[in-house]
Amino acid sequence: MWSEASSPSTPSRAVPSRVSDTAFHKLPVSLFKPEEGQVIPKMTPSPLRRAILTDVKTTISSKTTLGAKEVDSRGEKGRWGRMWEQRRQREVTAIHDKRAKEDMERKNYKPKTVDVEWLNNFSDEKFTVKSVPYSRVQGPRQSSCQICWYGCSPGSTTLACTVCGAVVHLKCANNTNTAAKKPNGEWWCPQCTVSINTAETIEAVKLGMELKKRTDFFSALTIQSHFMMWTERSRFLKFKGGLIFLQAIIRKIRQQRKFTNDLTSHYRPLKINPIDYSGVPLSDKNGTYTLMASFYNNNHQQLLEEADRHVDREDFNVLGSNSTSGKWNKDYFIPSINFQFDLILTMTLKDDAGRHEFKGQAITNVTADLKKSILQGKKKGREGKVVKITKKLAPLEILPVDKSNKQAVRLDSSAGRANQEFPGEVTVELITFSNIDTKSGFIEEMLTSVVKGAKKKWWALLHTQSGTGGRHLYLFSKQGDKKEREKIMINHSSQVEFNRKAGYIKLASLDRTYMLTHANVDERSDWAMKMSGKYLEILEDGVRRFREESRKEKEMEEEKEKEEGKEAEEEEGKEEGKEEGKEEGKDEEEKDRS
């Protein structure tokens with residue numbers, strides 16, 4: 001049994017023999033059975049045991065597996081966490097490499113081609129017949145002439161075959177015309193000459209067949225490579241054409257949006273004219289049918305209060321008491337407004353006391369209709385282009401607001417019934433005016449002759465009246481006013497001068513001279529061009545020249561078609577003459593035969 005008295009002073013891992021097969025961290029269990037009445041004193045772990053237990057605890061805690069997102073006491077991730085981070089890093093790197101490779105392939109794209117340079121390395125050496133020089137190893141040369149069979153002695157009068165051991169006299173070779181030597185100085189005997197020529201002929205035939213095979217292979221490979229390149233080129237051109245087409249569509253959409261945004265943002269005059277209201281039931285009460293036309297700003301990018309979104313309102317009354325078929329009392333002209341508004345048409349029956357009986361309401365966003373009227377609408381006389389809007393009556397959604405105090409108009413109790421049906425429909429006519437000879441915007445009046453002196457800011461409208469055709473410049477105190485402060489008539493007697501250098505417009509009328517300017521150079525020039533009428537003259541001149549050029553091109557095309565028709569008729573006449581001549585020749589031949 002262990003005790004503090006028997007523990008060594010120096011820590012050691014030596015254990016007693018009786019506990020050699022027991023782990024140290026299980027030592028609290030006693031290994032012997034105490035006797036009866038024996039008191040077992042309380043034991044405390046020795047320093048050696050405490051050191052061993054601490055070491056075991058540290059080892060066990062360090063080998064504990066941590067999750068992917070768990071951290072140990074040192075704040076570091078475990079093995080699974082590190083493996084997950086490494087795998088994620090590899091995936092991110094692979095995606096990045098793949099994208100870089102795709103970008104590189106896209107930048108360095110070239111159509112596929114076939115490299116046929118290796119075919120040019122084809123050699124004809126294996127089809128060449130080479131003479132093997134005679135060797136002494138084959139045996140001694142012959143001593144007799146191969147032609148006359150007399151003895152031959154070495155010397156200048158004897159010819160020795162380069163290939164075999166035959167010899168002839170020079171005189172015998174000359175007599176048989178076989179004394180000629182090869183360009184390289186060799187001489188072949190007649191038998192060797194025949195053998196070598198026959199072998200060369202056979203090899204030449206083989207070479208020709210091989211060359212034909214090679215030519216056919218080259219041709220097939222060239223055709224295949226050209227077809228592959230043509231297919232790749234066709235695909236590339238189709239892809240390129242599709243990209244160009246998509247780019248053109250995107251540019252078209254951008255230009256259309258820009259143009260339509262310019263149309264909706266620019267201020268211009270507008271006239272509203274009620275035309276008809278049908279299907280509205282008759283009322284037992286006496287009163288006049290009234291149409292409240294409210295203009296509601298629908299540009300939600302502007303942070304406005306609900307009451308401030310009501311731009312304007314005008315009431316139209318039907319001529320005749322309690323009549324559902326008649327003419328309206330007037331039309332309404334708005335000096336300047338953009339196209340970003342909703343038109344709210346509220347139909348009521350107004351009695352003599354001024355109370356309104358609700359008959360229905362129609363709400364429409366006129367932005368798209370006004371754009372369509374400017375681009376495709378029909379012109380109504382000397383006025384602008386017209387668009388008709390027909391809407392069915394529905395329950396009340398937006399209360400009309402009074403123009404003066406911007407308070408909601410009181411209606412009867414039927415206006416608040418959402419489930420009630422209101423039969424009938426109302427039709428109005430909107431007339432828009434072109435910006436060619438019309439302009440709205442701010443302009444400044446110079447109160448002194450000094451350019452940098454005092455100025456007065458006006459909201460101006462340059463407009464041509466539909467009835468008289470006269471052009472007027474209306475000056476309002478602020479934007480949104482319906483009554484002008486000054487009205488300037490511009491006719492042939494008026495003088496408009498634009499001093500581009502000084503930056504002002506001099507407008508001289510019959511009773512007064514105005515000095516007008518604008519901070520923006522383009523706006524200042526635009527005001528001057530439209531006041532003087534030069535803007536319209538330039539446009540009309542351009543249209544006239546365009547029509548003349550179109551007419552000339554059309555006449556040239558017609559003349560060209562006539563010339564082509566004459567040439568075709570002449571060719572047909574010549575062919576008919578040739579055919580008639582052939583038929584006459586055949587008839588004469590038949591007569592001669594007969």
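Predicted model, so just to flag it, every value in this text is computed and none were measured.
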- Query: Quick one: are M83 and W80 in side-chain contact, heavy atoms under 4.5 Å?
  - Reply: yes
- Note on the structure: When every non-hydrogen atom of P335 is compared with those of F476, the smallest separation belongs to CB-CZ, 3.7 Å
- Starting at NZ of K506, measure out to OG1 of T517 and round the result to the nearest 0.5 Å. 15.0 Å
- Note on the structure: Rounded to the nearest 0.5 Å, the CD atom of E564 sits from the CD atom of E567 at a distance of 7.0 Å
- Message: What verdict does the salt bridge (charged side-chain N to carboxylate O under 4.0 Å, His left out) test give for E557 and K554, after you've listed the backbone C-alpha separation in whole Å, the side-chain angles of each residue and the deciding distance to 0.1 Å?
- Response: CA-CA 5 Å; E557 290 179 356; K554 188 176 181 181; over 6 Å; no
- Listed by chain and number, what are the salt bridge (charged side-chain N to carboxylate O under 4.0 Å, His left out) partners of R547, not counting sequence neighbours? none
- Do NZ/NE/NH1/NH2 and the carboxylate oxygens of R545 and D541 come within less than 4.0 Å? yes
- Task: Report, as yes or no, whether the 6.0 Å neighbourhood of atom NZ on K482 holds more than 12 heavy atoms from other residues, nucleotides or ligands.
- Result: yes
Review item, side-chain donor-acceptor pairs of residues 519-527, under 3.5 Å, at least two apart:
unit_1	atom_1	unit_2	atom_2	d
N520	OD1	D522	N	3.1
E523	OE1	K439	NZ	3.0
R524	NH1	H518	O	2.4
D526	OD2	K439	NZ	3.2

- So does R512 pair up with E486, basic N to acidic O under 4.0 Å? yes
- Should F498 and K534 be marked as a side-chain contact (heavy atoms from CB on, under 4.5 Å) after you check the CA-CA gap, both sets of side-chain angles, and the distance that decides it? CA-CA 12 Å; F498 179 38; K534 292 182 180 180; over 6 Å; no
- Does a side-chain heavy-atom distance below 4.5 Å link I337 with D312? no
- Message: Looking at K530 and N435, would you say the former's side chain and the latter's main chain have a donor-acceptor pair under 3.5 Å?
- Response: yes
- Query: Would you say F433 and R268 make side-chain contact, with heavy atoms under 4.5 Å?
  - Reply: no
- Query: Measuring from Y535:OH to L539:CG, what's the distance to the nearest 0.5 Å?
  - Reply: 5.5 Å
- Side chains of I490 and L462 in contact at under 4.5 Å (non-hydrogen atoms): yes
- Message: Tell me whether the rings of Y289 and Y277 are parallel (<30°), tilted (30 to 60°) or perpendicular (>60°).
- Response: tilted
- Query: Do W459 and Y267 have ring centroids that are under 6.0 Å from one another?
  - Reply: yes
- Message: Please check this pair: side chain of T367 against backbone of F339, looking for a donor-acceptor N/O pair closer than 3.5 Å.
- Response: yes
- Nearest heavy-atom neighbours spanning L345 and A293: CD2-CB, 4.0 Å
- Is the backbone N or O of E484 less than 3.5 Å from a side-chain atom of D481, with the two atoms forming a donor-acceptor pair by type? no
- Message: Looking at M489, is its backbone amide N or carbonyl O close enough to the side chain of S494 to form a donor-acceptor pair, meaning the two atoms are under 3.5 Å apart?
- Response: yes
- Message: So does T348 get a backbone contact from the side chain of T290, meaning a donor-acceptor N/O pair under 3.5 Å?
- Response: no
- Should D315 and R313 count as an ion pair when the cut-off is N to O under 4.0 Å? yes
- Going by heavy atoms in the side chains, are T364 and D369 under 4.5 Å from each other? yes
- Message: If the condition is ring pair (Phe, Tyr, Trp, His ring centres under 6.0 Å), which residues does F295 pass it with, not counting sequence neighbours?
- Response: F341
- Electrostatic pair E357:R355 at N-O distance under 4.0 angstrom: no
- Message: Between E548 and R544 (salt bridge meaning N to carboxylate O under 4.0 Å), is one present in this structure?
- Response: yes
- Query: What closest approach, in Å, do I488 and S509 show between heavy atoms, and which atom pair accounts for it?
  - Reply: CG2-CB, 4.3 Å
- Nearest 0.5 Å, what's the NZ-OG distance between K456 and S477? 6.5 Å
- Task: Indicate yes or no: at least one non-hydrogen side-chain atom of L270 is less than 4.5 angstrom from one of L370.
- Result: yes
- Hey, mind stepping through D342 and I398 against side-chain contact (heavy atoms from CB on, under 4.5 Å) and telling me if it holds? CA-CA 11 Å; D342 292 339; I398 300 177; over 6 Å; no
- Message: Is there a side-chain contact (heavy atoms from CB on, under 4.5 Å) between L475 and L473? Walk through the geometry before answering.
- Response: CA-CA 7 Å; L475 300 179; L473 180 65; 4.2 Å; yes
- Of all the heavy-atom pairs spanning V318 and T288, show the shortest one and how long it is. O-CG2, 3.3 Å
- Should E397 and I363 count as side-chain neighbours, where that means a heavy-atom distance under 4.5 Å? yes
- Item | side-chain contact (heavy atoms from CB on, under 4.5 Å) between S294 and V401, intermediate numbers included | CA-CA 8 Å; S294 303; V401 176; over 6 Å; no
- Message: Taking the side chain as everything from C-beta on, heavy atoms only, tell me whether T346 gets closer than 4.5 Å to H356.
- Response: no
- Message: Looking at every non-hydrogen atom in both residues, tell me the closest pair between L461 and S440 and how far apart they are.
- Response: CD1-OG, 3.2 Å
- Is it true that R99 and E102 have a side-chain N and a carboxylate O under 4.0 angstrom from each other? no
- Taken to the nearest 0.5 Å, the spacing of Q361 CD from L291 CG works out to 10.5 Å
- From Q89 CD over to H96 NE2, what is the distance, rounded to the nearest 0.5 angstrom? 11.0 Å
- Taking S532 for the side chain and M529 for the main chain, is one N or O donor matched with an acceptor at less than 3.5 Å? yes
- What pair of heavy atoms forms the shortest contact from E445 to Y514, and how long is it? OE2-CD2, 3.7 Å
- Item | Pair E558-K562, salt bridge (charged side-chain N to carboxylate O under 4.0 Å, His left out): steps then yes or no | CA-CA 6 Å; E558 291 177 355; K562 289 180 180 178; 5.6 Å; no
- Message: Please check if the number of heavy atoms outside K388 that lie under 6.0 Å from its NZ is greater than 12.
- Response: no
